[in-house]
Engineer: 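Just dropping this structure here.
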2 protein chains.
Amino acid sequence: MFFKNRITRFNYLKMVSNTEENYLKAIFKISEKETAPASTNAISTEMHTSAASVSDMIKRLAEKDLVLYEKWKGVTLTKEGKKIATNLIRKHRLWEVFLVDKLNFSWDEIHPIAEELEHIKSTKLVQHLDEFLGFPKFDPHGDPIPDEHGNFTFRKQVQLSEFKKGKGIIIGVDEHSTQFLQYLDRLSLTLGTSIEIIEVIDYDGSVRININDNKEQIISNKVAKNLFVKPI
Amino acid sequence: MFFKNRITRFNYLKMVSNTEENYLKAIFKISEKETAPASTNAISTEMHTSAASVSDMIKRLAEKDLVLYEKWKGVTLTKEGKKIATNLIRKHRLWEVFLVDKLNFSWDEIHPIAEELEHIKSTKLVQHLDEFLGFPKFDPHGDPIPDEHGNFTFRKQVQLSEFKKGKGIIIGVDEHSTQFLQYLDRLSLTLGTSIEIIEVIDYDGSVRININDNKEQIISNKVAKNLFVKPI
DNA sequence: AAATATTTTTAGGTTAGTCTAAAAATAAAT
DNA sequence: ATTTATTTTTAGACTAACCTAAAAATATTT
């Protein structure tokens, strides 16, 4: 008798589907930005599903003790739910490093592939991959890779738009869209690039910068907001 | 409006689910061994699902022109169905090479992981992976890796049980179970090992062999049947 | 050739994950 | 403090992928 995808009386490790994993990740992301419990609406926006679907799913996750849920009051992850979410992020970012460092992908094309790879289940695979990549602490967008316990390396970083004068190094991006990343490539604003603020334009918040002590450039406030810089 | 997992009027590339892919692969495997169309029963055995589920699925695959199907007469893959099946096998085997060559897995633990990895969709990923691995032609079990058109490298190989006298090199295994592969490791019967037949025992078909001109060993007929050898 | 056995299909049900529309609860505005 | 707007939940339906049990077709025996 086969019990493929069927939970038996003897199966204590609860099965978590890819969809459930994605919901947990969405809730984690929302909780990163806000302290309040994640609202149904916020989750439905993040997941591109209807609020009704979210209500449904939340019940199932609560049933499995992956989230805490009180009707009308939003959801928070339990320890176990958070474990799954951070592990997903860990896998996602490790695979992104693999794609860029080993397979020569560029940073603007890796997200959707990592979105699939992050669901591969073997923990041994993650360990070996981590080792193979030299235990990286940040992914190709500068995001920290959590360790196996879900701890993120914290790094002081400032939005370029908040950076009033002086020099800095680009160490991360907030937006991950292909469009934005390709635009950054065109401006040679990649990770590790040094930037000096020449002038912040009051009118619209644009910033005139010098890139790598070499080329002057004006970038919009929107771009500046999406760039994380480490002052030097 | 989002059309995630929804086929729109404008979506000409038909979506094929992981499950559908697995059915196509199962049909391909059956067709490799027999010339007749794959029977419902054979597929249900391969897939560990009921015959009723297979009947159901076959109809859906026929609807999508991935198989040819006449009631009561079994199924054969269309060109498109075969394309998907061989591509899955290609991805499976490339990932197996990756796991062994780059991540130091052993040949007995890679199958289930590759079973998941083979469904990752990006074709660019497969191309880059292939290149990264040095365009391997065989996987860690000695199975040929089809090229992007689904062509397999053919290699003359003989079951050790059919090999009456002389020397040979182990170049493949028929069974892929953990148990069998670990047993082979214990006997140091890995790929590339040289073997000389000393004696075939009439009574039960066991074979007395000399491994790497070094150690004598008796192996059962069952083991011998699952070893592929290239005469030298 | 008839009877029996096997294989395949159909019929009818289940679950996960989605949806829309309507109802209920909460929040915001007058 | 009512009314209005927004958010969330419920109700009811759909599809993919599975199942069991029964019916229908094909194969095998006697």
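Sequence lines set the chain letters: A, B, ... in the order given, protein chains first and strands last, and positions in each chain run from 1.
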Engineer: Would you indicate which nucleotide in D/dC19, D/dT10, D/dT8 comes nearest to any side-chain atom of A/Ala52?
Structural biologist: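 Given the options D/dC19, D/dT10, D/dT8, the side chain of A/Ala52 is closest to D/dT10.
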Engineer: Under a 3.5 Å distance rule, please check whether A/Arg90 uses its side chain to pair with a backbone N or O of A/Gly150 as donor and acceptor.
Structural biologist: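 No, the answer is negative, given that no donor and acceptor are paired below the 3.5 Å cut-off.
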Engineer: Where the side chain of A/Asn41 is concerned, which of D/dC19, D/dT9, D/dT7 is the nearest nucleotide?
Structural biologist: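 Nearest to the side chain of A/Asn41 among the choices is D/dT7.
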Engineer: B/His141 and B/Asp174: side-chain donor and acceptor closer than 3.5 Å?
Structural biologist: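 On atom types as modelled, these side chains do not qualify, holding no pair under 3.5 Å.
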Engineer: Only one of A/His119, A/Glu115, A/Glu46 passes side chain to side chain donor-acceptor pair (under 3.5 Å) with A/Asn22; say which it is.
Structural biologist: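 Per the side chain to side chain donor-acceptor pair (under 3.5 Å) rule, the option paired with A/Asn22 is A/His119, out of A/His119, A/Glu115, A/Glu46.
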Engineer: Can you tell me how far C1' of C/dT8 sits from CD1 of B/Ile43, to the nearest Å?
Structural biologist: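 Those two atoms, CD1 and C1', are 11 Å apart.
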Engineer: Without hydrogens or angle criteria, can the side chains of B/Ser177 and B/Glu175 be said to hold a donor-acceptor pair below 3.5 Å?
Structural biologist: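 B/Ser177 vs B/Glu175: donor-acceptor pair found between side chains.
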Engineer: Cut-off 3.5 Å, side chains only: do A/Asp204 and A/Ser206 have a donor facing an acceptor?
Structural biologist: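 Side-chain D/A pair, A/Asp204 to A/Ser206: present.
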Engineer: Listed by chain and number, what are the side chain to side chain donor-acceptor pair (under 3.5 Å) partners of B/Asp185, not counting sequence neighbours?
Structural biologist: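 Side chain to side chain donor-acceptor pair (under 3.5 Å) list for B/Asp185, sorted by chain: B/Trp107.
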Engineer: Counting side-chain heavy atoms from C-beta on, which of C/dT7, C/dA24, C/dT20 comes nearest to A/Trp72?
Structural biologist: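 Nearest nucleotide to the side chain: C/dA24.
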Engineer: Rounded off to whole Å, could you give me the CE-to-C1' distance for the B/Met47 and D/dC19 pair?
Structural biologist: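 Atom-to-atom, B/Met47 to D/dC19, this comes out as 15 Å.
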Engineer: Could you check which residues of residues 53-61 of chain A get a heavy atom under 4.0 Å from DNA chain C? Sort them by number, please.
Structural biologist: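 The answer is A/Ser53, A/Asp56, A/Met57, A/Arg60.
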Engineer: Has B/Lys73 got a side-chain N or O lying under 4.0 Å from the OP1 or OP2 atom of D/dA25?
Structural biologist: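 The answer is no; no side-chain N or O of B/Lys73 sits under 4.0 Å from OP1 or OP2.
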Engineer: In whole angstroms, how far is the C1' atom of C/dT15 from the CD atom of A/Glu63?
Structural biologist: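 The distance from CD of A/Glu63 to C1' of C/dT15 comes to 14 Å, rounded to the nearest Å.
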Engineer: Quantify the bending of the helix from C/dA1-D/dT30 to C/dT30-D/dA1 as the angle between its end axes, each fitted on five pairs, to 10°.
Structural biologist: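 Answer rounded to 10°: the end axes differ by 0°.
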Engineer: Any base atoms under 4.0 Å from A/Ser50, or only sugar-phosphate, or nothing? Heavy atoms, all strands.
Structural biologist: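 The residue A/Ser50 makes base contact.
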Engineer: Residues of residues 17-24 of chain B with any non-hydrogen atom less than 4.0 angstrom from an atom of DNA chain D: list those, numerically ordered, please.
Structural biologist: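 Listed by number, they are B/Ser17, B/Thr19, B/Glu20, B/Tyr23.
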Engineer: Any donor-acceptor pair under 3.5 Å linking the side-chain atoms of A/Thr78 with those of A/Glu80?
Structural biologist: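 No donor-acceptor contact under 3.5 Å links the two side chains.
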Engineer: Examine B/Arg155 relative to B/Phe138 and say whether NZ or CZ is less than 6.0 Å from the centre of the six-membered ring and inside a 45° cone about the ring axis.
Structural biologist: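 Geometry flag: set, cation within 6.0 Å and 45°.
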Engineer: Against the six-membered ring of A/Phe28, is A/Lys82 placed for a cation-pi contact (under 6.0 Å from the centre, within 45° of the normal)?
Structural biologist: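 Verdict for A/Phe28: no cation-pi partner in A/Lys82.
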Engineer: Considering only heavy atoms, which members of residues 115-122 of chain B lie under 4.0 Å from some atom of DNA chain C?
Structural biologist: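 Result for residues 115-122 of chain B: none.
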Engineer: Check whether any side-chain N or O of B/Gln159 sits under 3.5 Å from a backbone N or O of B/Ala224 as a donor-acceptor pair, and report yes or no.
Structural biologist: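 No: the side chain of B/Gln159 does not pair with the backbone of B/Ala224.
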Engineer: Got a list of side-chain donor-acceptor pairs under 3.5 Å for residues 52-59 of chain B, not counting sequence neighbours?
Structural biologist:
from, atom 1, to, atom 2, distance (Å)
B/Ser53, OG, B/Ser50, OG, 2.9

Engineer: Is the closest side-chain donor-acceptor distance between B/Thr49 and B/Tyr23 under 3.5 Å?
Structural biologist: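 Yes, because at least one side-chain N or O of B/Thr49 sits under 3.5 Å from a partner of the opposite role on B/Tyr23.
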Engineer: Would B/Lys102 pass as a cation-pi partner of A/Phe98, given that its NZ or CZ must be under 6.0 Å from the six-membered ring centre and within 45 degrees of the axis?
Structural biologist: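 Output no; distance or angle outside limits.
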Engineer: Return no unless some side-chain N or O of A/Tyr69 is found under 4.0 Å from OP1 or OP2 of D/dT9.
Structural biologist: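 Result: yes.
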Engineer: Within a 6.0 Å radius of atom CG on B/Asn151, are there more than 12 heavy atoms belonging to other residues, nucleotides or ligands?
Structural biologist: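 Check passes, neighbour count above 12.
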